[in-house]
Amino acid sequence: MIFVSGVHGVGKSYFCNLVKDSVGIETYSASALIATKKHSGSAKKQAHF
């Protein structure tokens with residue numbers, strides 16, 4: 001796993017797309033993964049302490 005971080009607008013997505021195209025790996029946005037998890041309802045199920 002390669003984690004790319006940085007402030008808004010520095011080119012993270014651009015860089016990841018270059019890597020994706022040259023290496024042939026999938027890329028995932030943390031915010032998209034969080035939104036998917038949140039909308040699936042499973043985040044609510046795991047929130048019980």
Side-chain angles (χ1 to χ4, degrees):
M1 178 184 347
I2 302 169
F3 186 81
V4 178
S5 66
V7 297
H8 178 74
V10 296
K12 297 177 300 294
S13 295
Y14 176 77
F15 173 76
C16 289
N17 284 328
L18 288 176
V19 172
K20 178 182 177 180
D21 293 341
S22 66
V23 180
I25 60 174
E26 288 298 317
T27 59
Y28 303 95
S29 162
S31 60
L33 292 172
I34 292 167
T36 300
K37 182 82 169 178
K38 188 184 237 184
H39 295 298
S40 71
S42 58
K44 292 177 184 175
K45 293 176 187 173
Q46 295 177 357
H48 296 122
F49 294 100

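Numbering starts at 1 and runs along the sequence shown.
- When all heavy atoms of C16 and V4 are compared, the closest pair comes out as SG-CG2, 3.9 Å.
- Rounding to the nearest 0.5 Å places NZ of K20 at 11.0 Å from OG of S13.
- Linking Ile, Leu, Val, Met, Phe, Trp and Tyr residues whenever their side-chain heavy atoms come within less than 4.5 Å leaves V19 and Y14 in two separate clusters.
- Shortest non-hydrogen contact noted between V7 and K12 is O-NZ, 2.9 Å.
- Minimum interatomic distance between S40 and K37 (heavy atoms only, all atoms of both residues): OG-O, 2.8 Å.
- A continuous path of ILVMFWY side-chain contacts below 4.5 Å connects F15 to I25, so both sit in one hydrophobic cluster.
- Crowding of L33 atom CG: a count of heavy atoms from other residues, nucleotides or ligands under 6.0 Å exceeding 12.
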